Amino acid sequence: MFIKSAAAKIFAKMVFKKTQLWATNPVATQQAVFKSLLKTAQNTQFGKDHHFDTIKNYQDFAAQVPIRDYEDLKPYVEKVVHGEENILWPGKPLYFAKTSGTTSGAKYIPLTKESMPYHIEAARNAILHYIHETGKANFVSGKMIFLQGSPLMEEKYGIQFGRLSGIVAHFVPKYLQKNRMPSWETNCMEDWEAKIDAIVNETINENMTVISGIPSWVQMYFEKLHEKGGKPVGKIFKNFNLFIYGGVNYEPYRAKFENLIGRKVPSIELFPASEGFFAYQDSQTEKGMLLLLNSGMFYEFIKSDEFFTNKSRRYTIGEVELGVNYVLIISTNAGLWGYNIGDTVQFTSLKPYRVIVSGRIKHYISAFGEHVIGKEVEYSLQEAMAGTDVRVNEFTVAPQINPISGLPYHEWFIEFENEPSNWSTFAIAIDNAMRKQNSYYDDLIVGNILQKVIITKVAKNGFQEYMKSIGKLGGQNKVPRLANDRKIVDVLKTII
């Protein structure tokens, strides 16, 4: 046990020093990535179509490579899916990560031999930075679980197709194989509810020290553990000392998690996606996640309030500002070029560059020009819960434009673990927090265009039933925090 822990600390120190080399030279690091990407892809079909051989600087690139989303890039991707080589990147990708698209059905995101190692390295380095900063490494000797999709693959045209979390399962280092849970057979189960039951049975008597996954699905695992074990998760797993998560903001879940665990557990936030592993929390004391500038990805940023206008400008890493909401644009060594991943970020630090995920550019409410984003609704709920015993399992927000009576409003659909003692007071607290953050929303309240927030209670497990009804229970799937229409809540209303 001591040998593993000591070795982890030595390795952590080495990785920390290596990170400092590029983190303290951000602009030069990104410029080197930029040049390498263009040179490598110069003779691909995309490179020829966009005259990579004539690009001398970033300004040329921005002029010749437009911003694209998946639909725009799809004609190129489909050629690769059908086995054609040298289209977006030299050769063929190793994998296609299959994700759920909102407008295009299934999306297929390429993963190449150059890009894949960075997904694995980033997750590893996040843990090593935690060890370096805190000096805590005993957990490396215990069992670790990563709640993820099935690792089973389908092969077409010499390319493997699967879910990102399942693909990553094939790359778990040998020195972690004995520590890793659950079993391969359980991991391959497709039925998420049955899979969680099997994971509970496999792990309940093990020395679990690290647990990782999207909070909403880890919560489901914890609830099942609590039900079967009859005591808090922290007493079932006495050495559980590190929670690793990504995909959604943990704060709305924190109170519920601490109640299920029975104590506080340190956590590490990750920012992974099929398109790339963008950032991880490198410090327990600093806000935000370290943006990975040397991972084969060139970043551009567009201010979100300009994104849908003809005035939008593309910024590089040396031009960004603190506290501004940016749409994240990437060009990668997997063959994505000027690609809008759909996430918005805000910088919390410029030395080094750290970000928080503030929402999705397509997930917002602006039925009346208020342009409310995910970060604002999450923070408002967190503020309303502060100092109370209210606990929330899940929530989403939608505008009600045509109420039966009275003014329009924002309707919050919340599944409570512990309900507020006074619903009106709780709704007012949410509304006040929203008004402090968003001046447009405040103007609409003051001007009697909108009435204050109205809360609609969702039955226990209502959100799980909703996700199940649309075929997205478990894995990497997440409930959108807000939408500018009522498609989600109209389904929820049939469950309430």
Side-chain angles (χ1 to χ4, degrees), residues 70 81 93-102 104-111 115-116 118-120 122-124 126 143-156 159-173 176-177 179-203 208 210-224 243-248 269-278 334 341-343 394 463-480:
Y70 185 80
V81 168
L94 294 178
Y95 300 94
F96 268 110
K98 183 179 179 181
T99 69
S100 300
T102 53
S104 54
K107 292 163 56 178
Y108 298 96
I109 306 299
L111 296 164
S115 71
M116 196 64 225
Y118 286 113
H119 284 267
I120 310 306
R124 179 203 70 189
K143 296 287 187 179
M144 306 178 185
I145 187 168
F146 303 91
L147 292 177
Q148 56 195 192
S150 171
L152 294 178
M153 299 287 159
E154 179 184 5
E155 185 173 328
K156 298 177 184 177
I159 305 170
Q160 299 286 326
F161 289 68
R163 299 285 182 180
L164 175 65
S165 59
I167 293 170
V168 170
H170 290 266
F171 289 83
V172 175
L176 287 181
Q177 290 289 358
N179 300 63
R180 178 173 171 265
M181 301 287 287
S183 65
W184 182 265
E185 292 74 20
T186 294
N187 228 8
C188 290
M189 295 174 68
E190 293 288 353
D191 185 306
W192 187 255
E193 291 174 295
K195 183 173 183 172
I196 289 293
D197 286 336
I199 291 173
V200 168
N201 290 333
E202 284 190 15
T203 59
M208 304 303 302
V210 179
I211 296 172
S212 176
I214 292 175
S216 50
W217 306 125
V218 175
Q219 177 179 307
M220 188 175 176
Y221 169 55
F222 283 174
E223 288 172 340
K224 298 263 188 181
F243 174 50
I244 304 172
Y245 68 94
V248 298
E269 183 176 8
L270 310 178
F271 184 13
S274 300
E275 295 85 352
F277 203 123
F278 307 118
I341 68 167
D343 286 316
E394 193 59 270
F463 280 93
Q464 287 182 20
E465 290 301 315
Y466 163 72
M467 295 297 279
K468 189 175 181 180
S469 74
I470 61 172
K472 292 186 178 182
L473 183 66
Q476 294 168 252
N477 301 308
K478 301 160 289 221
V479 176

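The figures here come from the full heavy-atom set of this structure, side chains too, leaving out hydrogens, waters and symmetry mates. Remember, predicted model here, so these are calculated numbers, not experimental data.
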Ser183 side, atom OG; Met181 side, atom CE - distance, nearest 0.5 Å: 7.5 Å
With sequence neighbours excluded, residues passing side-chain contact (heavy atoms from CB on, under 4.5 Å) with Val210: Phe139, Met144, Leu242, Ile244
Trp192 side chain reached by Met220 side chain, heavy atoms, under 4.5 Å: yes
Inter-residue atom distance Ile145.CD1 - Leu147.CG, 0.5 Å rounding: 5.0 Å
Audit row: Asn187, Arg180, side chain to side chain contact (heavy atoms under 4.5 Å, CB included) steps and yes/no: CA-CA 11 Å; Asn187 228 8; Arg180 178 173 171 265; 3.1 Å; yes
Side chains of Ile341 and Phe278 in contact at under 4.5 Å (non-hydrogen atoms): yes
Aromatic ring pairing Phe171/Tyr95, orientation class (parallel under 30°, perpendicular over 60°, tilted between): perpendicular
Gly246 versus Pro215, closest heavy-atom pair with distance: O-CD, 3.7 Å
For Phe277, all residues meeting ring pair (Phe, Tyr, Trp, His ring centres under 6.0 Å), sequence neighbours excluded: none
Residues in salt bridge (charged side-chain N to carboxylate O under 4.0 Å, His left out) contact with Glu269, at least two apart in sequence or another chain: none
Backbone N/O of Met189 and side chain of Ser150: donor-acceptor pair under 3.5 Å: no
Side-chain donor-acceptor contact under 3.5 Å, Thr203 with Tyr221: yes
Phe463 side chain reached by Lys468 side chain, heavy atoms, under 4.5 Å: no
Euclidean distance, Ser212 OG relative to Phe243 CZ, rounded to 0.5 Å: 7.0 Å
From CD1 (Ile109) to CD1 (Ile167), nearest 0.5 Å: 11.0 Å
Beyond-backbone contact of Gln160 with Leu94, side-chain heavy atoms, under 4.5 angstrom: no
Val218 vs Ile211, side chain to side chain contact (heavy atoms under 4.5 Å, CB included): CA-CA, chis, key distance, verdict: CA-CA 8 Å; Val218 175; Ile211 296 172; 4.1 Å; yes
Validation row: Val168, Met116 side chains within 4.5 angstrom (heavy atoms): yes
Side chains of Glu154 and Lys98 in contact at under 4.5 Å (non-hydrogen atoms): no
Gap between atom OG1 of Thr99 and atom CD of Glu275 - 0.5 Å precision: 6.5 Å
Trace of the side chain to side chain contact (heavy atoms under 4.5 Å, CB included) decision for Val81 with Lys156: CA-CA 8 Å; Val81 168; Lys156 298 177 184 177; 5.8 Å; no
Test item: Lys195 side-chain N/O and Gln148 main-chain N/O as donor-acceptor pair under 3.5 Å: yes
Side chain to side chain, His119 and Leu111, heavy atoms closer than 4.5 Å: yes
Pair Phe161 and Tyr108, ring centroids less than 6.0 Å apart: yes
Any Thr186 side-chain heavy atom under 4.5 Å of Glu202 side chain: yes
